[in-house]
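Some notes on the structure that comes next.
The analysis underlying the following values was restricted to heavy atoms, covering all of them including side chains, and did not include hydrogens, waters or symmetry mates.
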Amino acid sequence: MALAEATMAEQEQILFACIDNCCYFKLSGELRYTNATGMDDLIERLFRQQMGCNRVVVDLNEASFMDSTYVGLLASLARYCQQQQLPRPTLFSTHTEVNELLFSLCLDQAFDIVQQPTHQNVNMAGVSAQHYSEQQQGQMILRAHEALIALNDSNKSQFQPVVDLLKQQLK
């Protein structure tokens, strides 16, 4: 796949809008660390600057797969809401495998998970992939897994070896 096609594919996978102080994220398809740079950059921008978000809604109804890095990015988003003293973010997901993953990694402790379709008609913009170096990509994966560990102890036992290995490799 050519770089332009890959960028376009990622742009369609991540849609974003901020309307009436509500930040909407719509994530589609296979969500893997290899196509997470646009989402990571968007979350980092949320942390750095006030985007006027008083509420966060994530729509995963068209997501067919998520790896642990992407789940960790969602955990980072929930942590942002907590730090800003915002209401718990709402996450819509009707895909059975995705829901099993979310619940097994305790995202229900950080999100209000609604297992129903969404019918919002929001004009959303595609989020472009960011060009991360290997080091930046490693840092993204590390941050995502640290956010997962912060959710609870069972995640810590599952992902601490990954975090330790990444820290060693990123020295």
Side-chain angles (χ1 to χ4, degrees), residues 6-7 9-11 13-16 23 25-49 51 53 56-93 95-113 115 127-171:
T7 301
E10 184 170 350
Q11 217 173 10
Q13 274 190 304
I14 307 166
L15 299 175
F16 177 78
C23 288
F25 296 81
K26 183 173 181 73
L27 308 175
S28 306
E30 292 191 7
L31 305 170
R32 300 176 185 275
Y33 77 93
T34 54
N35 60 14
T37 59
M39 183 68 174
D40 180 61
D41 180 66
L42 184 56
I43 292 169
E44 288 297 311
R45 283 188 284 144
L46 271 177
F47 275 102
R48 283 195 310 267
Q49 30 177 277
M51 290 182 81
C53 286
V56 173
V57 175
V58 179
D59 181 350
L60 293 176
N61 283 321
E62 294 180 20
S64 57
F65 174 85
M66 288 180 75
D67 69 10
S68 57
T69 298
Y70 238 103
V71 177
L73 290 176
L74 292 177
S76 295
L77 189 57
R79 187 173 60 208
Y80 164 80
C81 292
Q82 187 177 29
Q83 288 172 350
Q84 298 299 315
Q85 299 178 329
L86 300 177
R88 276 173 35 143
T90 303
L91 192 150
F92 288 88
S93 177
H95 199 279
T96 305
E97 285 91 20
V98 170
N99 290 345
E100 287 172 2
L101 178 65
L102 296 174
F103 284 102
S104 72
L105 295 177
C106 303
L107 256 73
D108 56 314
Q109 293 175 9
F111 283 86
D112 291 329
I113 298 177
Q115 296 181 56
V127 175
S128 298
Q130 298 299 306
H131 299 287
Y132 279 19
S133 67
E134 201 171 299
Q135 180 79 11
Q136 288 172 307
Q137 188 139 11
Q139 291 290 342
M140 173 190 70
I141 295 167
L142 176 61
R143 282 192 310 273
H145 285 83
E146 286 174 334
L148 276 177
I149 285 174
L151 279 179
N152 74 10
D153 288 339
S154 67
N155 286 354
K156 185 172 183 168
S157 64
Q158 189 172 352
F159 294 110
Q160 190 64 54
V162 174
V163 167
D164 292 343
L165 180 62
L166 283 167
K167 283 182 178 177
Q168 259 183 358
Q169 291 178 343
L170 293 170
K171 282 183 181 174

Quiz item: Would D164 and Q168 count as having a side-chain donor-acceptor pair, cut-off 3.5 Å?
Solution: no

Practice problem: For a side chain to side chain donor-acceptor pair (under 3.5 Å) with D40, tell me which candidate from R143, Q130, Q136, Q139 qualifies. | Solution: R143

Quiz item: For the atom pair CE (M140) and OG (S76), what is the distance rounded to the nearest 0.5 Å?
Solution: 10.5 Å

Quiz prompt | Working for side chain to side chain contact (heavy atoms under 4.5 Å, CB included), residues S64 and V98 | solution = CA-CA 7 Å; S64 57; V98 170; over 6 Å; no

Self-check item: Non-hydrogen side-chain atoms of L148 and L107 separated by less than 4.5 Å
Solution: yes

Practice problem: Answer yes or no: is there a side-chain heavy-atom contact under 4.5 Å between L151 and L105? | Solution: no

Quiz item: Sub-3.5 Å donor-acceptor pair from the side chain of Q115 to the main-chain atoms of N99, do we have one?
Solution: no

Exercise. Would you please test F111 and V58 for side chain to side chain contact (heavy atoms under 4.5 Å, CB included) and show each step?
Key: CA-CA 9 Å; F111 283 86; V58 179; 4.2 Å; yes

Quiz item: Do the side chains of L27 and D59 get nearer than 4.5 Å, heavy atoms only?
Solution: no

Quiz item: Under a 4.5 Å cut-off applied to non-hydrogen side-chain atoms, are F25 and V127 in contact?
Solution: no

Practice problem: Inspect the surroundings of OH in Y132 and state if more than 12 heavy atoms from other residues, nucleotides or ligands are less than 6.0 Å away. | Solution: yes

Self-check item: Under-4.0 Å salt bridge between E146 and K167
Solution: yes

Self-check item: P87 vs C81 side-chain heavy atoms within contact, under 4.5 Å
Solution: no

Quiz item: Do the non-hydrogen side-chain atoms of N152 and Q109 ever get within less than 4.5 Å of each other?
Solution: yes

Self-check item: Verdict with supporting geometry, L77 and L73, side chain to side chain contact (heavy atoms under 4.5 Å, CB included)
Solution: CA-CA 6 Å; L77 189 57; L73 290 176; over 6 Å; no

Self-check item: Exam field: side chain E30 to backbone M66, donor-acceptor pair closer than 3.5 Å
Solution: no

Quiz item: Would a 4.5 Å heavy-atom cut-off, applied to side chains only, mark L31 and D67 as touching?
Solution: no

Practice problem: Please determine if R32 forms a cation-pi arrangement with F65, meaning its NZ or CZ atom is less than 6.0 Å from the six-membered ring centre and no more than 45° off the ring axis. | Solution: yes

Quiz item: Rounded to the nearest 0.5 Å, what separation is found between the CD1 atom of I113 and the CZ atom of F92?
Solution: 11.5 Å

Self-check item: E134 CD: over 12 foreign heavy atoms closer than 6.0 Å
Solution: no

Self-check item: Heavy-atom side-chain proximity of F16 to K26 below 4.5 angstrom
Solution: no

Exercise. Can you measure from CG (L142) to CD (Q137) and round to the nearest 0.5 angstrom?
Key: 13.0 Å

Quiz item: side chain to side chain contact (heavy atoms under 4.5 Å, CB included) between E97 and L101: does it pass, once the steps are laid out?
Solution: CA-CA 6 Å; E97 285 91 20; L101 178 65; over 6 Å; no

Quiz item: Under the 3.5 angstrom rule, does the side chain of D112 hit a backbone N or O of P89 as a donor-acceptor pair?
Solution: no

Exercise. Identify the heavy atoms of N155 and I149 that sit nearest to each other, and give their distance.
Key: O-CG1, 4.0 Å

Practice problem: Nearest 0.5 Å please: distance from the OG atom of S28 over to the CD1 atom of I14. | Solution: 9.5 Å

Practice problem: Measure the CZ-CG distance between R79 and L74 for me, rounded to the nearest 0.5 Å. | Solution: 12.5 Å

Practice problem: Look only at the side chain of D153 and the backbone of K156, and say whether a donor-acceptor pair between them is shorter than 3.5 Å. | Solution: no

Practice problem: Hey, could you give me the CG/CD distance between L46 and Q83, rounded to the nearest 0.5 Å? | Solution: 11.5 Å

Quiz item: Counting distance only, does the side-chain N/O of R88 pair as donor-acceptor with the main-chain N or O of D108 below 3.5 Å?
Solution: yes

